[in-house]
4 protein chains.
Amino acid sequence: MTNEELKIHCIKLLEKRGVQISDITELVYDLQLKYVPTLTKQTCEDAVLRVLAKREAHYAILTGIELDMLAEKKMLSEPLQTLIQSDYPLYGIDEILVLSICNVYGSIGLTNFGYIDKLKPGIIGKVDKLGKVSGECHTFMDDIIGAIAAAAASSVAHNSVL
Amino acid sequence: MTNEELKIHCIKLLEKRGVQISDITELVYDLQLKYVPTLTKQTCEDAVLRVLAKREAHYAILTGIELDMLAEKKMLSEPLQTLIQSDYPLYGIDEILVLSICNVYGSIGLTNFGYIDKLKPGIIGKVDKLGKVSGECHTFMDDIIGAIAAAAASSVAHNSVL
Amino acid sequence: MTNEELKIHCIKLLEKRGVQISDITELVYDLQLKYVPTLTKQTCEDAVLRVLAKREAHYAILTGIELDMLAEKKMLSEPLQTLIQSDYPLYGIDEILVLSICNVYGSIGLTNFGYIDKLKPGIIGKVDKLGKVSGECHTFMDDIIGAIAAAAASSVAHNSVL
Amino acid sequence: MTNEELKIHCIKLLEKRGVQISDITELVYDLQLKYVPTLTKQTCEDAVLRVLAKREAHYAILTGIELDMLAEKKMLSEPLQTLIQSDYPLYGIDEILVLSICNVYGSIGLTNFGYIDKLKPGIIGKVDKLGKVSGECHTFMDDIIGAIAAAAASSVAHNSVL
């Protein structure tokens with residue numbers, strides 16, 4: 001797959017798991033509006049798509065979503081199956097996995113990620129809840145979305161500096 | 001200096017710059033109470049002191065506070081003097097420097113740090129404001145406190161698991 | 001599983017995948033001997049076992065080895081299956097996953113990890129080669145071993161300071 | 001300062017401290033030649049200059065070199081003065097500080113950095129030695145150069161993939 005094909009594949013995978021680009025765009029807009037009052041949704045969407053063009057994002061998305069789907073199908077060995085399926089709070093590999101996404105536009109991505117990951121606004125809260133009440137598993141998915149939004153917010157921040 | 005002497009030195013340095021152990025204890029308590037309903041302030045203070053016994057914490061505290069103090073005395077070269085004195089939002093080295101503190105009790109420290117660093121509760125908001133209105137500079141200090149609190153919260157979380 | 005049970009489970013998993021504690025002990029000994037001339041193998045083994053008692057190590061070991069085994073059984077979706085099975089050099093998630101192990105004894109673990117990961121001494125070279133010539137997959141395994149050795153070397157370094 | 005001015009300022013600062021772009025280019029060439037047999041020095045220099053155009057690099061360079069120069073002038077407080085002046089092996093802040101440079105082209109930068117930081121080839125060994133025998137201090141400088149070379153090597157690796 002070329003980089004462009006990989007990007008399209010990842011966007012389809014996110015959609016298949018219940019998340020639209022527009023959902024992530026909303027997160028970025030809400031994160032950055034207070035710093036950039038003239039911010040538009042289009043600027044945020046462009047930033048999300050820039051993050052989704054990065055190799056670091058592709059590999060983290062492919063790996064994390066695969067683990068979520070395997071957990072849904074109960075195809076992981078124990079005790080990993082239970083750790084991922086139950087979104088065990090101390091597991092932490094979900095947060096580590098997406099660090100490479102957070103960092104693509106510098107260290108300020110980390111702060112945005114931590115904030116989003118804790119408060120779980122918008123689509124992240126929805127996905128997190130789905131993973132807890134239904135037969136679905138989104139242990140990695142919420143961190144993936146949070147990291148994409150955090151990196152996109154950093155990109156917006158960098159570009160809005162004169 | 002022995003490790004114990006270094007710990008005492010760092011605690012005095014934090015106090016000299018306006019932050020008491022009890023201020024950091026409050027942050028940890030507020031972060032973890034909802035996850036550990038039986039949490040006590042003593043447990044939080046013990047965790048803060050465990051973090052402050054770590055070499056990683058000592059070196060980050062010594063280096064960050066030194067840069068803050070040098071900026072206050074206008075002893076840094078330009079453009080670094082202006083970047084640190086003005087707490088320039090994209091500078092990012094303050095956040096990088098304290099990563100080693102965040103990580104002493106695993107990756108969940110990162111999420112807590114990002115959350116605290118963004119919302120600036122309690123003493124962090126006070127210190128951040130002081131750095132902006134007075135002749136003082138606390139560009140590194142607020143991240144140092146946030147990272148100590150985040151790592152202590154992770155330690156509390158680990159210990160409260162059966 | 002208690003922490004102690006998880007430790008034993010992880011040691012067995014490493015052995016099942018072809019790596020003995022004594023293999024990792026050798027790596028640590030070779031890394032640190034020039035800095036600590038009085039170093040013994042026992043000191044190195046103790047350090048390896050300290051790392052293997054850490055939660056951060058358990059979760060990274062469980063997750064990485066699971067992905068290696070799933071790739072061997074061709075049970076991953078494409079293009080992830082090919083990326084992991086071929087140990088694609090730019091994949092990078094294997095290196096990210098073990099960062100939490102590297103960091104358990106501070107940032108000097110990172111340098112040791114990079115060094116080992118590049119030179120692939122001892123058991124790491126053997127495992128890496130096995131993954132390339134046989135039907136086995138050890139894409140995550142070599143990074144896991146390297147990270148355990150690197151963290152253990154950091155622990156030895158910290159303890160050997162007066 | 002504009003980003004372009006900051007880049008020129010940082011290149012001058014590196015030169016003032018004894019390191020030419022061509023020295024870093026050599027490191028990148030030696031790191032990547034075995035993976036990319038058709039590699040040219042020009043490709044490596046272009047990659048070094050791409051890294052030096054990044055904001056993450058500027059801030060780490062400015063901060064690290066400032067601390068080295070302050071240590072040379074004995075203008076830091078104790079015990080930080082001694083830690084930096086003696087390049088104390090467990091200090092570790094020098095390695096943390098440059099992580100943001102290592103990561104600008106993804107996680108494979110980390111491995112290259114660890115390798116270089118340990119073996120100290122070419123200019124890094126020279127600078128490291130100067131810091132130990134003369135009145136100069138290059139505690140941060142060798143890590144800065146290593147990180148720039150490691151990130152540039154990652155950029156070369158990414159670009160050489162079809």
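Naming: A, B, ... by sequence-line order, numbering from 1 per chain. What you see is a predicted model, and the numbers here were worked out from it, not measured in a lab.
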Quiz item: Which residue pairs satisfy the salt bridge (Lys or Arg N to Asp or Glu O under 4.0 Å) criterion with at least one member in residues 99-112 of chain A, sequence neighbours excluded?
Solution: none
Exercise. Could you give me the CA-CA distance, side-chain angles and deciding distance for Ile116(A) and Ile145(A), then say whether side-chain contact (heavy atoms from CB on, under 4.5 Å) is met?
Key: CA-CA 9 Å; Ile116(A) 274 189; Ile145(A) 307 168; over 6 Å; no
Quiz item: So, do Leu27(C) and Leu31(C) sit near enough that their side-chain heavy atoms are less than 4.5 Å apart?
Solution: no
So what's closer than 4.5 Å to chain C heavy atoms on [X]: side chain, backbone, both or neither?
{"X": "Ile93(A)", "value": "side chain"}
{"X": "Ile84(A)", "value": "neither"}
{"X": "Leu76(A)", "value": "both"}

Self-check item: Minimum heavy-atom distance Gly146(A)-Ile124(A), with the two atoms named
Solution: CA-CD1, 3.6 Å
Quiz prompt | Nearest atoms (heavy-atom pairs only) where Ala47(A) meets Ala152(A) | solution = CB-O, 3.6 Å
Quiz item: Rounded to the nearest 0.5 Å, how far apart are CG of Leu14(A) and CD1 of Ile21(A)?
Solution: 6.5 Å
Exercise. Hey, could you give me the CG/CG distance between Leu6(C) and Leu52(C), rounded to the nearest 0.5 Å?
Key: 11.0 Å
Exercise. Show your reasoning for whether side-chain contact (heavy atoms from CB on, under 4.5 Å) applies to Leu39(A) and Val28(A).
Key: CA-CA 10 Å; Leu39(A) 191 64; Val28(A) 180; 5.7 Å; no
Exercise. Could you check which of Leu70(A), Leu97(A), Ile96(A) has the highest count of heavy-atom pairs closer than 4.5 Å to chain C?
Key: Ile96(A)
Quick one: donor-acceptor pairs between chain C and chain A, under 3.5 Å, side chains and backbone, table format.
residue	atom	partner	partner atom	Å
Thr63(C)	OG1	Tyr91(A)	OH	2.7
Glu66(C)	OE1	Ser77(A)	OG	2.9
Glu66(C)	OE2	Ser77(A)	N	2.9
Glu66(C)	OE2	Ser77(A)	OG	3.2
Ser77(C)	N	Glu66(A)	OE2	2.9
Ser77(C)	OG	Glu66(A)	OE1	2.9
Ser77(C)	OG	Glu66(A)	OE2	3.2
Tyr91(C)	OH	Thr63(A)	OG1	2.7

Exercise. Measure Leu83(C) against the heavy atoms of chain A and call it side chain, backbone, both or neither at under 4.5 Å.
Key: side chain
